[in-house]
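To keep things clear, I will list the structure first and then write my remarks on it.
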Amino acid sequence: MSDYFNNDNRICKVLQILEHKRSASLEYLEKKLNVSTKSIKNDIKELNEIFDGNALIQFKLGKYKLYVLEYKQFEKIKENLYLHDDFFNSPKKRMAYVISRLMNDENPVLTEDLAFEMSIGRTTLVGDLKKIREALKKYNIEIVGKTNTGLKLQGEEIDLRLFVLENLYEEIYKDHELDYDVKEELEKIFSDLKLEGSTRKQIIKFLTVLIDRLVNGHSIAELNETYEDLIYTDQINVSNNISDRIENIFGVKIPDNERVFMTLPIVGMRTPMDIDRVKNIEITEEVIDLVLDIIKLIKLEMDITITPGNLLDEFTYHISFMLNRLKYGIKIKNPVLDEIKEKYMVPYKLAELTKMLIEDRTKKKVSKDELGFLAVYFSVFISENSYERNKLCSIAIICGTGKITARLIAAQLRKIVDIDTKLEMFSDSQVNKELLDQFDLVLSTIKFECDTVTPIIYLKEIFDENQLKNKIESVRYTEKLNIPMLQGMESLVLSLLDEEKFFILHSDKSYMENVDYMIDQLYDLSYVDEGFKERIHTRESKSTMVFDEYIALPHAINKETDKIVFSIGVFSDDKNHEKDSKLKVIFLLAIPDIEEKDDDILVKIYDEIIAISKDKQVVENIAKVKNYRELLLYFIKQDNVFN
C-alpha cells in the first residue's frame with residue numbers, strides 16, 4: 001500500500017505500535033513515524049489524557065510501555081479513537097472522496113465543487129491532488145483536465161479497481177455491504193471450495209467492487225494480454241462458479257472480463273494452512289526450477305544449506321502464488337514487516353538475495369511486504385533445522401544446598417527448555433565424569449572439578465530465564481567451535497577474533513587490495529590455504545560481497561583447517577580509498593570445507609554482522625579503533641549492539 005495514504009491519525013499509530021511491540025524507545029517511534037521527539041511526547045501526553053486513568057503509557061528504562069488498568073473501558077476508548085470520524089480532517093478520507101467522485105462521475109468535476117463539498121480550502125485540495133497523482137502513477141492512471149474546466153480519471157478500469165482495492169477500499173466501500181442472500185451464497189461457495197479466511201475476505205472485496213462498478217455502468221471493456229492468460233488457469237473455474245451463482249441471485253449477466261477480474265484474488269491468494277486444499281492447482285516447471293535455484297543461490301552466496309523438508313510443498317506453492325501476484329499486479333500488505341526485519345535479520349537477508357533472483361527472472365519488482373513473507377519461511381527452515389541439531393535431550397542439575405533448591409532450578413528451567421528434555425538432579429557428592437558425560441548440558445550452583453566433555457554453566461539458585469537461555473545458546477556455539485566465550489560478552493564474532501586477526505587497512509588501496517592484504521597475513525599465519533584468495537576473487541567476480549555501502553563480508557571455503565576463521569579489517573582514517581570511499585569495515589570469513597558444517601554457527605555470525613551494519617554510527621566507531629583491545633573495549637561499553 002502506498003505511503004501517501006498512511007499518514008493519518010498519528011496517535012492511533014503510536015497506540016498500535018505500543019500494543020504490538022509492548023514497548024518502544026523514543027528513537028524508534030520518532031524514526032517509525034518520521035516526526036520530531038517533541039511530537040511523539042505530545043502524542044503520548046494526549047493519549048494518556050484520552051485514557052483518563054483506564055490505561056497509561058509510561059516511560060520506563062528508556063522505553064515507552066503501555067499499561068492497561070481497566071480492560072473493558074480501554075477497549076471502548078480505543079474503538080472510539082479508531083472510529084473517530086472527523087471525516088474531512090483526514091487527508092486519506094479526503095483523497096478517498098476525490099477518487100470516489102472522479103470514478104463515479106461521467107463528466108469532469110470542478111475543483112471548486114470538490115473543495116466546497118468537503119469544506120476545505122483550495123490550497124488543501126491542491127496538495128491532496130498532488131499526492132493522489134503520485135500514487136496513481138504506479139497504476140498507470142492519470143487525473144487529466146484543468147481546475148477551471150474540470151478533472152477526470154484516465155486509465156484502464158481494472159487498474160483503477162486495483163488501486164482502490166489496495167489503497168482506499170475501506171474508505172470508499174465501508175457502507176457497501178453485500179446483500180444477505182449474496183453473502184449466504186458466498187458462504188456456501190467458500191465452504192464447498194474449502195477457502196480460508198484471508199482468501200474469503202479478498203473475494204468479498206473484489207466482488208463488492210465488481211458489483212458496484214458493473215451496476216453503475218463501469219464494466220471492464222478490454223483486458224491486456226497479461227490478464228487474458230487467466231482464462232487458461234485452473235482458478236478461472238472457481239471464478240466461474242462464483243459468477244454463475246451470483247448471476248442467479250442478481251439476474252445480471254457477469255461478462256467474461258469480469259470473471260477474469262474475479263480470478264485475481266484466487267490466483268494471488270496467500271498459501272493456505274492446509275496445503276491439500278490447493279493440491280489441484282498445477283505447479284509449473286518454471287516454479288520448481290526457481291525454488292531449486294533459490295536454494296542453490298543461498299548456498300552459493302551465504303554457504304547456508306536451506307532444507308525445507310516437509311515444508312517444501314508449502315514453500316513451492318507460496319512462490320507460485322507470489323509469482324502470480326507479481327505477474328498480475330496484486331499487492332499484499334505484511335502487517336508485521338518491521339518486526340520481521342528487526343527480529344529475523346539473517347532470514348531477511350536471504351529474502352533479499354531471493355528477491356534479486358526473482359526480479360531477474362520475472363522482470364517484476366518484489367515489494368518489501370513480499371520480502372517479509374519470504375523471510376518468515378527462511379526463518380522457519382533455519383529454526384527447524386537448528387532445533388533438530390541442537391535439541392537438549394538431557395540436563396543434569398547439580399546443587400549443593402538440597403533437593404528443594406534443585407527442584408526450584410528445574411521449575412525455572414522448564415520455562416525455557418523443550419517439554420521432552422529430561423532433567424535430573426544430583427548433589428555435588430555424586431558428581432563424576434562418567435555420570436556427567438551422559439548429559440547434553442550441566443547446570444550447577446557450585447564450582448567443582450571434573451574432566452567431563454559436557455559443557456557446564458554455573459548459576460545461582462534464582463536466575464533470569466532469558467539470560468540463561470542466551471548463555472545456553474552461547475555455550476552450544478563455543479562448544480562446537482572449541483573456543484572460550486569472552487566473559488561478559490556473549491558475541492560469537494568477538495570470541496572468534498584475536499590480535500592476529502585484527503587489521504588496520506590501507507586507505508590508499510582498493511577494497512580487493514585490502515582483502516588480499518588480509519588474506520596474505522592470514523596465510524602467513526597458517527589460518528587459510530593457498531587457494532583461499534583465488535576462491536574469494538572468483539566469488540567476488542560473480543557477485544560483489546560488499547554487504548552495504550559501509551561494510552563488506554568476503555567469504556569462501558577454506559581447506560587449511562576444520563574451524564571457522566574470522567577476521568576484521570578497519571579503515572581507521574578518513575581518507576578516501578579509491579572508489580570505495582564509504583567502506584569502513586571488512587569482515588573476512590573463512591568457512592571450513594567439511595561435509596557436516598553447522599549452519600547455526602554461520603547464521604549466528606551473519607546475524608551479529610547484520611546487527612552491526614544496521615547502525616551506521618556503530619560501524620563508524622568500529623572503524624576508528626586502532627587495535628584489537630580498543631575494539632573489545634568499545635563493544636564492552638556498547639553491550640546492546642547484538643541485542
Side-chain angles (χ1 to χ4, degrees), residues 1-2 5 92-111 113-114 117-118 128-129 132-133 135-145 149-179 182-183 186 201-228 230-231 236 239-240 242-268 328-331:
M1 184 182 291
S2 170
F5 301 101
K92 183 174 182 180
K93 290 171 182 173
R94 289 199 304 269
M95 293 181 206
Y97 183 82
V98 171
I99 290 293
S100 182
R101 282 282 274 112
L102 294 179
M103 67 189 280
N104 287 299
D105 208 313
E106 296 294 335
N107 301 311
V109 180
L110 295 172
T111 53
D113 289 344
L114 289 170
E117 289 162 11
M118 294 188 287
D128 290 342
L129 285 170
I132 294 171
R133 283 188 168 102
L136 288 170
K137 275 183 186 177
K138 296 179 181 178
Y139 296 81
N140 300 312
I141 302 170
E142 291 182 284
I143 296 177
V144 297
T149 58
L151 307 174
K152 64 179 182 178
L153 291 172
Q154 183 173 287
E156 297 294 332
E157 171 68 19
I158 194 167
D159 293 331
L160 176 60
R161 293 186 191 184
L162 289 175
F163 169 79
V164 170
L165 282 159
E166 291 161 9
N167 296 282
L168 296 170
Y169 177 84
E170 302 299 336
E171 285 71 26
I172 293 177
Y173 286 97
K174 67 174 184 176
D175 297 323
H176 287 61
E177 190 170 352
L178 293 173
D179 293 341
V182 175
K183 289 196 290 186
L186 281 176
K201 288 178 182 177
Q202 281 294 91
I203 289 174
I204 289 171
K205 286 182 177 182
F206 271 72
L207 186 60
T208 300
V209 173
L210 183 154
I211 291 171
D212 172 60
R213 300 297 287 165
L214 193 60
V215 167
N216 288 290
H218 302 287
S219 61
I220 298 172
E222 293 183 7
L223 288 172
N224 64 40
E225 292 179 1
T226 301
Y227 294 115
E228 286 178 355
L230 289 167
I231 297 169
I236 194 71
S239 175
N240 285 333
I242 294 171
S243 300
D244 290 343
R245 290 161 80 165
I246 297 303
E247 277 184 348
N248 292 333
I249 295 172
F250 271 99
V252 176
K253 182 172 176 58
I254 298 179
D256 289 344
N257 286 351
E258 300 293 344
R259 291 168 180 252
V260 171
F261 173 73
M262 275 306 302
T263 310
L264 293 177
I266 304 160
V267 296
Y328 301 115
I330 304 165
K331 297 177 179 65

Is there a side-chain contact between Q202 and L165 (heavy atoms, below 4.5 Å)?
no

Heavy atoms of I254 and E247 approach each other most closely as N-OE2, 2.6 Å

Before you tell me yes or no, could you show the steps for V260 and I220 under side chain to side chain contact (heavy atoms under 4.5 Å, CB included), namely the whole-Å CA-CA distance, both residues' side-chain angles and the distance that decides it to 0.1 Å?
CA-CA 10 Å; V260 171; I220 298 172; over 6 Å; no

To the nearest 0.5 Å, how far apart are CD1 in I132 and CG in N167?
11.0 Å

Applying side chain to side chain donor-acceptor pair (under 3.5 Å) to D212 and not counting sequence neighbours gives Y173, N216

With heavy-atom distances below 4.5 Å as the criterion, would you say the side chains of T263 and I231 are in contact?
no

Kindly write out the residues that satisfy side-chain contact (heavy atoms from CB on, under 4.5 Å) with R133, not counting sequence neighbours, or none if the list is empty.
L129, I143, L151

K205 NZ to E166 CD distance, which is reported to the nearest 0.5 Å:
10.0 Å

With sequence neighbours left out, the residues meeting salt bridge (charged side-chain N to carboxylate O under 4.0 Å, His left out) with D244 are R259

List in chain and number order the residues that pass salt bridge (charged side-chain N to carboxylate O under 4.0 Å, His left out) with E258, two or more places apart in sequence or in another chain; answer none if no residue qualifies.
R161

Minimum heavy-atom separation for I236 to L230, with atom names?
CB-O, 3.6 Å

Output the distance between atom CD1 (I246) and atom CG (D179), rounded to the nearest 0.5 Å.
10.0 Å

NZ or CZ of K331 within 45° of Y139 ring axis and under 6.0 Å
yes

For R213 against N104, the heavy-atom pair lying closest together
NH1-OD1, 3.4 Å

Sequence neighbours excluded, which residues qualify as ring-ring contact (aromatic ring centres under 6.0 Å, His included) partners of H218?
none

Once you round to the nearest 0.5 Å, how far does OH of Y169 lie from CZ of F163?
15.5 Å

Would a distance-only check, ignoring hydrogens and angles, find a side-chain to backbone donor-acceptor pair under 3.5 Å from S100 to A96?
no

Is a donor on one side and an acceptor on the other found under 3.5 Å between the side chain of D128 and the backbone of M95?
no

Just by distance, with hydrogens left out, do Y97 and E171 show a side-chain donor and acceptor under 3.5 Å apart?
no

Partners meeting salt bridge (charged side-chain N to carboxylate O under 4.0 Å, His left out) with D159 (sequence neighbours left out)
none

Going by the rule salt bridge (charged side-chain N to carboxylate O under 4.0 Å, His left out), which residues pair with K183 if we only count those two or more places apart in sequence or in a different chain?
E177

Got a sec, which residues hit side chain to side chain donor-acceptor pair (under 3.5 Å) with D105, two or more places apart in sequence or on another chain?
R101

Once side-chain contact (heavy atoms from CB on, under 4.5 Å) is applied, do any residues pair with V144, and if so which ones, sequence neighbours excluded?
E142, K152, Q154

Decide yes or no for V215 and V252: does some side-chain heavy atom of the first lie under 4.5 Å from some side-chain heavy atom of the second?
no

Within this structure, what is the NZ-CG distance for the pair K138 and L162, rounded to the nearest 0.5 Å?
14.5 Å

Let me have the donor-acceptor pairs involving side chains of residues 221-228, under 3.5 Å, with sequence neighbours excluded, atom names and distances please.
residue, atom, partner, partner atom, Å
N224, OD1, T226, N, 3.0
N224, OD1, Y227, N, 3.3
Y227, OH, Y328, O, 3.3

Hey, does L207 have a side-chain heavy atom less than 4.5 Å from the side chain of V182?
yes

Closest heavy-atom contact between G268 and I330?
CA-CD1, 4.1 Å

Between atom NZ of K253 and atom OG of S219, what is the distance when rounded to the nearest 0.5 Å?
12.5 Å

